Amino acid sequence: MIDYDAKQFSDIVSHANELKALHAQRDIDFQKYEDAYLLKWDAAKANRIKRWRTQATLSPEARNQVIGAVRLLVSTDPTFNVVNMDTQEKLTGKLEKSIKRVWEQSGRVSGMPLHHDQMTSAVLYGEMHSAVTLTSDLVAMAEKAVKTADKASKDYAKAQVGKMQYLAEHTPVIIENLNPRTGYPEFDQFGLLAAYYRQTTVRYSDIVRRFGVTLPDAERRGLSAPIILHSFWDDVYTWYWVDNTVLMADTHDLPRIPINVQLSDGSMLFDKPEEQRQPLLYGFIKSGFFDNLSLALTVIYGYLQILRANPAI
């Protein structure tokens, strides 16, 4: 049973909901960028085309632009230079090698070099989110989950300890790329991260492994069923919860929130989150060019199909 202040949790949930509401239009824009990149139309347009009894022809221009920009950006691996802030002297040797190793090991864990997804995120969304975690903290969290786990989840929690220990043997720090669509940052007057709310869809089995908790309806829904995991960071606390069940509520004892949020395109001069992010596809989507070009292509090629089926016309 997690010990926490119910009033504080209620305030955290309210704060998280406010952050998500503030970024509502940003999420809508992100969905449009994704649809153009993945060559999708929303349900309303797709149904309209289906009623025409023709096949949609979507413009690949947005996708080609993003892929071309990303390929240029990832053509070389990142290099790391560490400078003494007092003397401005470049520090070489073990420190830079250690940073490079952490970067490479994090990429191996995720199955892809870190900068590939980061550049895709920068080009597609105009921002990058990443979490930096000490693997020793992951081991400690897994061991704590074993102690609090019930009988049904204890074996899974123990298995998680072994996995985190293996990870800690290979790197002291793990860097995880996060999809900006799942994250809602809040900045202070100096532009530093003051709070960060994240909402992701995981499976019940992930909750069992990470937190050593079997949720009340897990048996009914099954361990493979999806569930929304909420996480919230501020300058002092870390919270994790699903529905109204708090999985973790503790101080993180860190000098800053261990999540990096970096805008790559746009400007913080604007007040609204959706205006602060202006990625590569901003003008292409906002102008309606993707929809109109795709509609025109659909009409043209749909008419050509009619001509092909009726050569006498």
Side-chain angles (χ1 to χ4, degrees), residues 20-76 110-129 177-184 199-201 226 262-267 269-313:
K20 184 175 181 180
L22 180 65
H23 291 79
Q25 184 58 49
R26 183 211 68 167
D27 287 350
I28 293 173
D29 290 347
F30 280 1
Q31 183 64 60
K32 291 179 179 178
Y33 302 148
E34 282 188 10
D35 286 346
Y37 176 67
L38 298 174
L39 296 178
K40 293 180 180 179
W41 254 352
D42 62 40
K45 294 186 181 71
N47 289 333
R48 184 171 61 183
I49 297 301
K50 189 180 294 184
R51 289 198 298 270
W52 292 354
R53 296 183 180 180
T54 188
Q55 183 177 352
T57 302
L58 302 183
S59 169
E61 186 169 342
R63 178 176 177 81
N64 293 341
Q65 287 181 16
V66 172
I67 290 177
V70 171
R71 284 177 177 172
L72 286 174
L73 292 170
V74 302
S75 58
T76 57
S110 64
M112 179 179 291
L114 285 181
H115 64 293
H116 285 213
D117 278 348
Q118 288 183 354
M119 294 302 97
T120 300
S121 178
V123 174
L124 187 58
Y125 302 112
E127 66 179 304
M128 298 173 287
H129 295 196
N177 288 327
L178 309 177
N179 189 325
R181 277 196 64 191
T182 67
Y184 305 93
Q199 182 177 303
T200 54
T201 300
Q262 181 69 51
L263 266 65
S264 57
D265 286 295
S267 173
L269 294 175
F270 302 104
D271 294 328
K272 297 180 179 179
E274 65 270 19
E275 295 173 351
Q276 294 168 351
R277 285 92 174 153
Q278 298 182 21
L280 179 68
L281 299 182
Y282 184 89
F284 190 73
I285 298 300
K286 288 289 186 177
S287 66
F289 197 71
F290 171 72
D291 284 337
N292 290 333
L293 180 57
S294 296
L295 183 60
L297 291 173
T298 299
V299 171
I300 292 171
Y301 285 103
Y303 187 65
L304 289 176
Q305 289 176 5
I306 294 174
L307 291 178
R308 185 177 62 181
N310 301 276
I313 295 179

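Note: hydrogens, waters and symmetry copies are ignored here, and every other heavy atom, side chains too, is used. No experiment lies behind these values; they were computed from the predicted model shown.
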Output every pair passing salt bridge (charged side-chain N to carboxylate O under 4.0 Å, His left out) with a member in residues 55-67, not counting sequence neighbours, ordered by first then second residue. none
Rounded at 0.5 Å granularity, tell me how far CG in Leu124 sits from CG in Asp265. 11.0 Å
Any salt bridge (charged side-chain N to carboxylate O under 4.0 Å, His left out) involving residues 280-293? Give me the pairs, sequence neighbours left out, ordered by first then second residue. Asp29-Lys286, Lys45-Asp291
Could you grab the distance from atom CZ of Arg181 to atom OG1 of Thr200, nearest 0.5 Å is fine? 13.0 Å
Thr182 side chain to Gln199 backbone, donor-acceptor under 3.5 Å: no
Heavy atoms, side chains only, cut-off 4.5 Å: are Val66 and Tyr33 in contact? no
Evaluate the side-chain proximity of Lys272 to Gln25: yes if any heavy-atom separation is below 4.5 Å, no if none is. no
With distance as the sole test, does Gln276 use its side chain to make a donor-acceptor pair with the main-chain N or O of Phe270 at under 3.5 Å? yes
Minimum-distance pair of heavy atoms, taken over all atoms of Ser264 and Ala122: OG-O, 3.1 Å
Could you measure the distance from the NE2 atom of His115 to the OG1 atom of Thr120? Nearest 0.5 Å is fine. 10.0 Å
Under the side chain to side chain contact (heavy atoms under 4.5 Å, CB included) test, which residues partner Asp35, sequence neighbours left out? Gln31, Lys40
Euclidean distance, Leu281 CG relative to Tyr125 OH, rounded to 0.5 Å: 11.0 Å
Can you tell which of Met112, Gln118, Met119 makes a side chain to side chain contact (heavy atoms under 4.5 Å, CB included) with His116? Met112
Restricting to non-hydrogen atoms, name the atom on Ser121 and the atom on Met128 that form the minimum distance, rounded to 0.1 Å. OG-CA, 3.8 Å
Not counting sequence neighbours, list each pair that qualifies as a salt bridge (charged side-chain N to carboxylate O under 4.0 Å, His left out) and has a residue in residues 273-284. Glu127-Arg277
Tyr184: ring-ring contact (aromatic ring centres under 6.0 Å, His included) partners, not counting sequence neighbours: His23, Tyr197
Heavy-atom check, side chain of Tyr37 versus side chain of Ile67, under 4.5 Å: yes
Please name the pair of heavy atoms, one in Leu297 and one in Thr57, separated by the smallest distance, quoted to 0.1 Å. CB-O, 3.6 Å
Listed by chain and number, what are the side chain to side chain contact (heavy atoms under 4.5 Å, CB included) partners of Ser294, not counting sequence neighbours? Trp41, Leu58, Ser59, Phe290
What are the two closest heavy atoms between Ala62 and Ala36, and how far apart are they? CB-CB, 3.8 Å
